[in-house]
Protein chains: 2
Amino acid sequence: MKENSQERLLRLLSLFADEEKGEWSVDEASVHLGISASQTYRYFRTLASAGYISAYTTGRYVLGPAIIELDRKLRIGDPMIHAARSIMREMLSTAPSASIAILCRYFRGQVMCVHEEFETYQHHEISYERGQPRPLYQGAASKVILANLPLRQARAYFNHAPDKFNQFGLGANWTEVKRSLRELRSQPAIITAGELGTSASGISAPIYDDKRVLGSVSLVLPITVATEEVTSFLMPVVAAAGQEMTRKMQHLAQLQQ
Amino acid sequence: MKENSQERLLRLLSLFADEEKGEWSVDEASVHLGISASQTYRYFRTLASAGYISAYTTGRYVLGPAIIELDRKLRIGDPMIHAARSIMREMLSTAPSASIAILCRYFRGQVMCVHEEFETYQHHEISYERGQPRPLYQGAASKVILANLPLRQARAYFNHAPDKFNQFGLGANWTEVKRSLRELRSQPAIITAGELGTSASGISAPIYDDKRVLGSVSLVLPITVATEEVTSFLMPVVAAAGQEMTRKMQHLAQLQQ
DNA sequence: GCAAAATTATCACAATACGAAAAAAATTGT
DNA sequence: ACAATTTTTTTCGTATTGTGATAATTTTGC
């Protein structure tokens, strides 16, 4: 827990991401971070003059335009998203209309959607939303990552929320969980229904780097069209997309560019 | 140009936004920033372990998932975007189909789109793209901000790129520019055609905070439908949207919430 | 397996980040 | 318009730590 001044600055910035709170005053942040008011003012000034936060009215700060600028650069330049785009589009073309394809990443012990592809835009209520961290035990895109994590890590997550693991059908104790993770891993792609909200069904396959799992590609379909027939057709499609992504990621690493 | 260590850290992060380059090695960043290699390693480690950058292969760093997380929070929580959403949608409903509504902000001496509303998604080629800074002299959404800036600032920008100002019809010298800015300011909304690419036309109105201009709301239409008749109908619509936004921003400031 | 590159650790010192308190500036109430 | 708050910046002395150079270690490419 030794922290230097740069880490403190970033921790202040992450206040705007972590908490449900979208705006912070200097005083609030000061007590929350355990930093003196004068120093917190210095941090706020630094972040504000770089555009990462912005005072939309006196004393109240929110995230600033520099975030948008960075996000655009990421959208355009991220190698994983770039590699995924065509694969996801092709996968989507074989799926029923109103389906969407999502690319997720393992991040900070959670799962975060980093890219979406869809034919026609429609607000999907409760699902993987770009940029929203989701737990590892809920939904296909998460579970497939969990199942491919080293057992040590999986166990640590299980110990942290055993009730949740049970609630989402992964087992009531570690022995059961271990068995169901092995079972999930043995399938080419994994399918869930109604685990985030009740209206969607997910089909997901893992993406590997070299040794460890990086994330997952998934199809999310309206639960009404996710019949046994449809999902059994799509399972190998999604599995192939995952394998193709894995291949591309390894190829990328070799290009060293 | 006195810079502390936090500012240096943010400057390193902004390398990933400023330059055309989307990926950096430690050495490249080290020479570019004029910081020793060992210290640059420390900065990279700090940013990486907070998720702002990520090594997608050994030695090559790109922006990390934390950016996406912050961007989502901004999209959801930003007071200006929140205030704009309904106004933009209503404005859009009176416009020809295939039009889009954009919300721009004055940022770092440039103009950046921070939010878009559209009926049906279609990739608009060259226009205001969310997160891409644009110069003040090009396009309606920019010009309306420029025209409402304090003259001192406008003059400074003119001196910085007089040829560009002339190219986009603002005048060949400061006297002419000053006159055309006044002329632009006198209109309820300003209209341009084909200034970004050749296929779009823009109608924009300014948004004020209390005294200074914050940004602009605009309609972007396919140039083919932007007839005199259509634009003269839409001009007061956009102007009203700008005024409504101004009202909401001032109301927001008074709520102090 | 070995050479090369990437990353981390060590160290000594100057630079600066820090909190407390005071000063200045901006904002609000009346 | 003026006073009362609140917000923000400055000052200052000191202990902390950020820093570059170099070495040690780990990882990677072949």
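Proteins come first, then strands; the chains are lettered A, B, ... in the order of their sequence lines, and each starts at number 1.
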CG of B/L12 versus P of D/dT19: gap in Å, rounded?
12 Å
Here the distance between atom P of D/dT17 and atom CG of A/L9, to the nearest Å, is 16 Å
Without decimals, in angstroms, what is the distance between A/F44 CZ and C/dA26 C1'?
18 Å
B/R42 and B/S5: side-chain donor and acceptor closer than 3.5 Å?
no
Return the value, rounded to whole Å, for the distance between atom CH2 of B/W24 and atom P of C/dA6.
16 Å
Between A/Y43 and B/A37, the residue closer to the 5' end of DNA chain C by nearest nucleotide is B/A37
To the nearest Å, give me how far apart CG (A/D27) and C1' (D/dT8) are.
11 Å
If you check every side-chain atom of A/S36, which of D/dT10, D/dG29, C/dG19 has the closest atom?
C/dG19
Nucleotide C/dT7, atom P - distance to CG of B/L47 in whole Å
14 Å
Do A/K248 and A/S86 have side-chain heavy atoms sitting under 4.5 Å apart?
yes
Report the distance from atom OH of A/Y41 to atom P of C/dG19, rounded to the nearest whole Å.
15 Å
If you check every side-chain atom of A/V26, which of C/dT7, C/dA9, D/dT8 has the closest atom?
D/dT8
Side-chain N or O of B/Y61 closer than 4.0 Å to phosphate OP1/OP2 of C/dT7
yes
Is the shortest heavy-atom distance from the side chain of A/Y43 to the side chain of A/V26 under 4.5 Å?
no
Would you check, one step at a time, whether the test side chain to side chain donor-acceptor pair (under 3.5 Å) holds for B/Y56 with A/D78?
CA-CA 9 Å; B/Y56 82 99; A/D78 187 78; over 6 Å; no
Classify every nucleotide of nucleotides 10-16 of chain C by which part a protein heavy atom approaches to under 4.0 Å, writing B for the base, S for the sugar-phosphate alone and - for neither, in 5'-to-3' order.
B------
